[in-house]
Amino acid sequence: MSIPSSSTLRTLKVAELRSLCSSALTPVPSNLNKLRKADLIELLEASDSTEAATQSTYEYDEDEVDPYADVRERLEALAKYSAANPPPEHHITLFAAFTTYLGYAVLICVGHLRDFFGLTLSIGSRYVPATPRTGVAPLLKSWDNFYNRRLYHRIQDCFNRPVGGGEGAKCRMKVMERVSYDGNKTMIVANRAADTDKPTKFVDGQYNETDEDGDVVRRCLNLGSYNYLGFADDWNDTCEKDVLSVLDRAPVSCSSPRVEVGTHELHRELEVLVARFLGKDDALVLNMGFNTNATTIPALVSKGDLIISDQLNHTSIVSGARASGAAVRVFKHNDHNDLDKVLREAIVMGMPRTRRPWNKIVVMVEGIYSMEGEYCNLKNIVKVCKQYGVYLYLDEAHSIGAMGPTGRGCCEYCGVDTKDVDVLMGTFTKSFGGMGGYIAASQDVVDYLRTKCAGSIFHNSLSPIVCQQIITAFKVIMGEDGTKFGRNKLRALRDNSNYMRMRLTDMGLHVLGNYDSPIMPVLLYNPTKIAAFSRECFKRGLAVVVVGFPAVPILMSRARFCVSAGHTREDLDDALVKIEEVADLCCLRYAKSTFGM
Ligand SMILES: Cc1ncc(COP(=O)(O)O)c(C=O)c1O
């Protein structure tokens, strides 16, 4: 049966939509009578979409319990719809835009007033920068310095929170409570033994514990780490044995770059594994994801070449592009039509002044954009690159291991052959519970990079112990450990992410990104809500990441949730109740009303 167009669907009544669903959908959702109009429309649109989601679900065996059985149909329909349509666009309400600008204006004015009184009356002068030595230019840029002292310091308790008790990136972690006795300028770890004579400056309560040194820690659900596959949580069952066993035969550090005496057999084993996983000739592994971009890009492109970069690419790509000396143009985020336009213009016009053709053109994109929670429109981008005969460089830092039916990243998810991407870059910091980065490409490119890329010739190599962690994680993901851990992790990550996204959206929050992506940014807008959201979540035992200007545009401050396979549905349900409370307190339901209430 054919489904009416979206505009017709919107004119139908709820009862009509329900009857349409029951005649058009197979299977008919069991909770059909409870679904609201918007959900019914989404289901119908999704069932009509021609392009199916490429993230297949691992079916639950008969002896397994599907924790999301009650919402399974809706989750699948939403994921299918999301795979075939662009992510929702959220427009800041006039009220939120006005109050956001007002908030920054007040903070900046008050900051300048405090600087003025600090300098003239010596009130709070400790926090006014000392006059630079005569004849010497100031070392720090004045605006950054001002921003740090007068804006960031007010909310610095929301950042750099130390994690205690060896919990690392685990889903259930302990975060050290900190106190400040100088108006948040400096923070120290709260200690019950040392601070008895001082007023308690943190909200004491059911989540707090005191460790053996008297330090106060808060038990939190971690919604901020990139522990996508939960290797931090089940490390003792999955990786510990291999990693500890290698300590006897490998050093913690090779104390030498790869090209000198820093290549261990585990580096080569990992490189062969990465290449096999991605279907490329070979791979190069380096000690840091950031440096992989920052040092590979200048080795690949230089003066006379052109980089065409997505507007929202990560700063490591930006650093590499700037260091390369190549010309850089940007195209609108994830927009293949704009890429087409920029490419056409670049090819027709050639280099500025001389008009000679560019030596080579490289397009740079990411698999999942970490601040947007959105995955790359890779199929169309590949088409455009092929049409113009230009190279494609794909950063899979957040998508490798986290997307695609078998965790092979954005290419697998979008149904793109890895052969159509010239350079695949990725990191081991996220899904693999390790660190470092890789480049997977054709043999000649990898051979060239081994001797030309600064990461390979000047940086200390990746720790062999960490190599083993990554090798074991790969084997788990690929099922080569003989268990179902890997497929269960991939399934749990996808289910948890989609459930969390669905519930956050149902709350009326402005959630960015696509279904099937584990990153969920929620827009906060106002600078005051950055701290309020973080502190209120922390009070309730939720560790969340908040991001403000200049990391994101001034109007687009956000909280960014990262979901993990290590979370359980109970964890998420509990967190969602708390997030809903905080959303009410901070008036964040902008999808429901202009004022967010
Ligand atoms: C897209 C992207 N590329 C590269 C990196 C750098 O990776 P690493 O943290 O492993 O150095 C990140 C970090 O989050 C990232 O988001």
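In each ligand, atom 1 is the first atom listed, and ligand 1 is the first ligand listed. We use all heavy atoms of the structure for the numbers below, so side chains are in, but hydrogens, waters and symmetry mates are not.
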Show the atom names and distances, to 0.1 Å, of all donor-acceptor pairs under 3.5 Å that link a side chain in residues 393-404 to residues at least two apart or in another chain.
| residue | atom | partner | partner atom | Å |
| --- | --- | --- | --- | --- |
| Tyr393 | OH | Asn293 | OD1 | 2.7 |
| Asp395 | OD1 | Ala397 | N | 2.8 |
| Asp395 | OD2 | Asn293 | ND2 | 2.8 |
| Glu396 | OE1 | Ser399 | OG | 2.4 |
| Glu396 | OE1 | Cys410 | N | 2.8 |
| His398 | ND1 | Tyr228 | OH | 2.8 |

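For Lys332, there are no salt bridge (charged side-chain N to carboxylate O under 4.0 Å, His left out) partners at least two apart in sequence or on another chain.
The protein residues lying under 4.0 angstrom from ligand 1, judged by non-hydrogen atoms, are Gly289, Phe290, Asn293, His314, Ser316, Glu366, Ser370, Asp395, Ala397, His398, Thr427, Thr429, Lys430.
Side chains of Asn160 and Gln156: a donor-acceptor N/O pair is absent below 3.5 angstrom, by distance only.
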Exercise for the section: Apply salt bridge (Lys or Arg N to Asp or Glu O under 4.0 Å) to the pair Arg450 and Asp282, showing each step before the final yes or no. Expected result: CA-CA 11 Å; Arg450 278 189 202 290; Asp282 201 357; 3.4 Å; yes
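Applying the ring-ring contact (aromatic ring centres under 6.0 Å, His included) test to pairs two or more places apart or on separate chains, those with a residue in residues 425-450 are Phe428-Phe432, Phe428-Tyr438, Phe432-Phe474.
Taking the six-membered ring where tryptophan is involved, the planes of Tyr590 and Tyr525 are perpendicular, since the angle between them exceeds 60° and thus also 30°.
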